[in-house]
Protein chains: 2
Amino acid sequence: MSDETELADDSPNEEDVPEKTKEGASMGAKIGFVFSMVLTSIFLVASLVLVLFWVFMYRGGYAWQENPPKEFNWHPTLMVAGFIFFSGFSMLFYRMMTCCRKIYVKLLHTIFHAFAIACIAIGFLTVWDSHELVNPKIPNFYSLHSWLGLTTMGLFAIQFVVGFFSFLILLCCEGATAACRASLVPTHATFGLITFVMAAATAVTGLTEKALFELKGPLYSEWKSNEAIIINVLGVVIAAAAISITFTLSVPSIRKAPMRMTYHTDL
Amino acid sequence: MSDETELADDSPNEEDVPEKTKEGASMGAKIGFVFSMVLTSIFLVASLVLVLFWVFMYRGGYAWQENPPKEFNWHPTLMVAGFIFFSGFSMLFYRMMTCCRKIYVKLLHTIFHAFAIACIAIGFLTVWDSHELVNPKIPNFYSLHSWLGLTTMGLFAIQFVVGFFSFLILLCCEGATAACRASLVPTHATFGLITFVMAAATAVTGLTEKALFELKGPLYSEWKSNEAIIINVLGVVIAAAAISITFTLSVPSIRKAPMRMTYHTDL
């Protein structure tokens, strides 16, 4: 989340920065900040590694339209890559990279979200294909998972468009738009985190669906297949990433730790 | 979430309050605050009403141990009542009630969470019973839903115990513990919101499980039963409550709107 410190990030005048923040954070807060960053990074990487391991070891790997059930396997992989891995690191890097000019940090934030969009778009197409190219067809958009997924994609698209225009395009008339841009920062940051958490909630419903569709009876309920444990651990790791990133970006004493280095006048 | 304004809430000295916050918020921010409070309240009430409607109209109402499948129906009802309805209103009231002495607000926050604990405990026992009292027994703790649920209950218990001791018991030596209590407030607030969102994520996995167990084939995938729509709408309303409460308690311009009235010295 953001607050007046983040507003000051986007302020053209360094005098607006609160004095106590300029003085820097305690060593304890810095260690806490680094620790929570590292922990979040581990969860983000682990979610991608686990989904790849799951698909290669238990779901038969990937294919394209010639094999719709295996084409489906792109869906969880690319959605985790886009919504969790790239979006998560995009948010972390924005907070972490305090050594560069702000415009470069914004561009990296945008590029990572552009990777995320590519993953999400292909992830959406592959599940659509895997429902449409089988006989009989599988209906679309009937489940709670699909409803939550559409809501999350809508939030993501709005966030990207508003963020792109507000924080990059409006820079063309820098001085005139500083107050407007600054006023949007907290809402953009909060809804970015909400979108991430919604994506995590959608992911765990998707994993629940897949477990119940594929692991009938004792395969899931008595763990007769190790796949049951892999699916559950993947869900818990995604939830842990959501908890960890919320903590990292929300608790003030953690969030503000390295802020003293981030006040640039080069918006 | 919390930040230095919330810290100031727990500060024994009113001089710590930032000047701009003391001056009060604009009319727009106040309207935004009230609007987001009302919207969140509607989602919280709607989630409880919908789960009751669902159980009475489609699941045959409630029973006790003489009918384990109907005893199960207490599980979704009481978990939504505890984790969503009572916890949600407890957090909202803490932010909303700016007219009373802080100790009364804290007591109301605690009482609502105590109601939540009662609901959660009975909600847990009823699902346990409904698995153990049938023949053959249904295994426990195998699903992702149960893993996420146990994590959420653990977070809730830690939050309650830490909150109870830190913000009520430690008041017995008020002056000596003010700094300690103040330093815990942001973490308590952030983890309160994280617990709420985790509960919502657990709820949507539970609803997905129930829909797939009870509504086989076209009953769910082609909406041959209206119950499919009720379950999906309930899941979306719970997700909307999580989004709305995060927005209400996190966006600074909304969150701080009525803060000028909240600085008490009667911790």
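Order of the sequence lines fixes the chain letters, A, B, ..., with proteins taken first and strands second; residue numbering starts at 1 for each chain.
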Distance col, row Trp223(B):CH2 vs Tyr142(A):OH, nearest 0.5 angstrom, shows 11.0 Å
Chain A contacts, top residue of Ser143(B), Pro139(B), Ser221(B) (heavy-atom pairs, under 4.5 Å) | Ser221(B)
Out of curiosity, Trp147(A) CH2 to Ile231(B) CD1, how far, rounded to the nearest 0.5 Å?
-> 11.0 Å
Just how far is it from atom OG1 of Thr208(A) to atom CG of Leu148(B), taken to the nearest 0.5 Å?
-> 7.5 Å
Are there more than 12 heavy atoms of other residues, nucleotides or ligands under 6.0 Å from atom CZ of Phe35(B)?
-> no
Side chain, backbone, both or neither of Val204(B) within contact of chain A (heavy atoms, under 4.5 Å) | both
Per-residue contact mode, Phe191(A) against chain B (heavy atom under 4.5 angstrom) = side chain
Met198(A) CE to Thr246(B) OG1 distance, which is reported to the nearest 0.5 Å | 10.5 Å
Would you say Asn226(A) has more than 12 foreign heavy atoms packed within less than 6.0 Å of its CG?
-> no
Which bit of Phe141(B) is near chain A, if near means a heavy-atom gap under 4.5 Å: side chain, backbone, both or neither?
-> backbone
Contact origin within Ile243(A) toward chain B - heavy atom pairs under 4.5 Å | both
Leu144(B) to Gly235(A) - nearest heavy-atom pair and separation = CD1-CA, 3.8 Å
Side chain / backbone / both / neither for Val236(A) at chain B, heavy atoms under 4.5 Å = both
dist Leu193(A):CG -> Phe247(B):CZ (nearest 0.5 Å) comes out at 14.0 Å
Okay, Leu155(A) and chain B: the region with an atom under 4.5 Å from a heavy atom over there is side chain
